[in-house]
There are 2 protein chains.
Amino acid sequence: MAIASQEVSPARFSAQLRSNALQTRIMDLILERGLDVGDALPTESELSAELGVGRNTVRESLKVLQALGVIEIRHGFGMFVAPNNFSALVSGLTFRGRLSLRHKGEEAMELIDVRQALESGLIGPAINLLTDEHLADLRSTMEAMETAAKNGEPLHDHDAEFHRRLYAPLNNELLINLMDVFWQVYRKIHLALGTGPVNLEQQTQDHWDIFDAVANKDKALASERLQRHFDGIRLKLKDVAAA
Amino acid sequence: MAIASQEVSPARFSAQLRSNALQTRIMDLILERGLDVGDALPTESELSAELGVGRNTVRESLKVLQALGVIEIRHGFGMFVAPNNFSALVSGLTFRGRLSLRHKGEEAMELIDVRQALESGLIGPAINLLTDEHLADLRSTMEAMETAAKNGEPLHDHDAEFHRRLYAPLNNELLINLMDVFWQVYRKIHLALGTGPVNLEQQTQDHWDIFDAVANKDKALASERLQRHFDGIRLKLKDVAAA
DNA sequence: TTTCGGACATTGGACGTCCCATCTCCTGTA
DNA sequence: TACAGGAGATGGGACGTCCAATGTCCGAAA
């Protein structure tokens, strides 16, 4: 053995590294060929042949790349370079959150902490770049939320939309994606635990308060109210976890 | 065979959803059995039998879960619930960053923006919780960095360590992991572009400045210096990308 | 008795092949 | 011209087979 089977698999590298290397090779292939978002990748068979590995092996890597949001796989059609998409993170983070909730829920709380830091820390810069259009969008979202609250409908979609639009002025897709992920994970954990009683009016009012501060371009106040908003969320989560 | 697994694949759901569902089923299985970090999962064959799907299919899902940091796969030994691990994100984000750099590098810049927001926004809370031990750790890291700089050695490890320890007082693993991911992605993009000339002394001094502000518990100053630190990084990246 | 090394079982890794599911596109028909 | 339906391409999935890595355990040697 160990006849130095150079080539690709020196057996010295752990299997994990090898599988990771395959993923990297595929990503490099995309970059080398100058493929851009939306462009088609070679078919599974072609990749299998070009990379010199079996189709099943390639498929495993492709699935991973899909999970990482690198490519999009469309059954019966082909594979394409995916637009930015962090939805994959959601399931992984949700799992961790639920796992931690069985103990003391530290990780779920950590998630809130990060959201809180990101949002209350970035509201200032966002307000700096806020235009009238952005504000109008925000207001219409709030009005939709209010309507929903009056009809006793769940607010989570409007809630998510509000937070998303709050930071739209920053024009930072990565940030929006991250916040979306965190939001969804929080949502899922909350759902898995069973939602406690919700006060729709209070929730709406909280958001109106934040909106007012933003509309007045009062960065400090907006930041503080966001801070409090998350404090409330944290308490609520703690209650539910305790039950 | 499919006795236990009641209608899971009515062919109505797109393949993508089905594959996602398999991952979810595995995660649910972990949660239902009360497995905790470090505990062993059933073998691939067992999972294949229990879930009523082929071993290759299970493997694809397992690889994805591994990539998401949910499980750890050890060849010849078994599979285990993994400790928190975000290394998977690195490759995906790095890919996106490199892809975007071919155009105008917006996404790489967005990454810096998020790091900047997170770090300069969280330095205040971190200082609030800072203990003498933390400060001592930070100082020793800085001294190591200075030594490295004098020897002309690369600073990136010390740099990463510094930023990590800066936020250790917050005791938020998710945050540390995220910042680590961002750091590594930045690193990889930078490496892929080829590093321009580096001024080791200047870099070290920048960090000393931040350290001094933190040691004096001057939150505003620390935040401002971090802000500037990232401004510098941003400029540097822009230079390299232009070349 | 202790220690070291190798055989062995277990478990994941890789591949090939076959067939199914789904999509797009094109062709033929009304 | 418009729509229905089929052909072909492509990914999805399932086995079966063999390879490789790892931990365990037992026996030989010191």
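Each chain gets a letter, A, B and so on, in the order the sequences are listed, and its residues count up from 1.
- Side-chain contact check for B:R165 and B:H134: no donor-acceptor pair (N or O, by modelled atom type) lies under 3.5 Å.
- Aromatic rings of B:Y186 and B:H190 (six-membered ring for Trp) have centroids within the 6.0 Å cut-off, being under it.
- Taking atom CZ of A:R74 as the reference point, atom P of D:dT10 lies 14 Å away to the nearest angstrom.
- Following rounding to the nearest Å, B:L62 (CG) and C:dG13 (P) show an atom-to-atom distance of 9 Å.
- In this structure, A:R59 reaches the D:dG12 phosphate: one of its side-chain N or O atoms is under 4.0 Å from OP1 or OP2.
- Annotation for A:M79 and A:P42: closest pair CE-O, 3.2 Å, computed over non-hydrogen atoms.
- Ring to ring, A:H163 and A:Y167 are not that close: their centroids are 6.0 angstrom or more apart.
- In this structure, A:H75 packs face-to-face on the six-membered ring of C:dA21, meeting both the 5.5 Å centre cutoff and the 30° plane limit.
- For B:M79, the side-chain atoms get nearest to C:dG12 when compared with the rest of D:dT10, C:dG12, C:dT17.
- Nearest nucleotide to the A:F77 side chain, out of C:dT24, D:dT10, D:dG13: C:dT24.
- Remark: C1' of C:dC15 and CG of A:L51 are 14 Å apart, rounded to the nearest angstrom.
- At whole-Å resolution of the value, CD1 in A:I73 and P in D:dA9 are 21 Å apart.
- Between the CD atom of A:E44 and the P atom of D:dG13 there is a distance of 10 Å, given to the nearest Å.
- Checking the phosphate oxygens (OP1, OP2) of C:dC15, a side-chain nitrogen or oxygen of A:T57 falls inside 4.0 Å.
- Between B:F80 and B:F77, the angle of the ring planes lies from 30° to 60°, which puts this pair in the tilted group.
- Regarding B:K63, its NZ atom lies at a distance of 16 Å from the P atom of D:dG12, rounded to whole Å.
- The separation between B:L47 atom CG and D:dG13 atom P is 16 Å, rounded to whole Å.
- As a whole-Å value, the separation of A:Q66 CD from D:dG12 C1' is 11 Å.
- Sequence order on DNA chain C of the closest nucleotides to A:G76 and A:S48 puts A:S48 first from the 5' end.
- Mapped onto DNA chain D by nearest heavy atom, B:R55 and B:V58 fall at different nucleotides, with B:V58 at the one closer to the 5' end.
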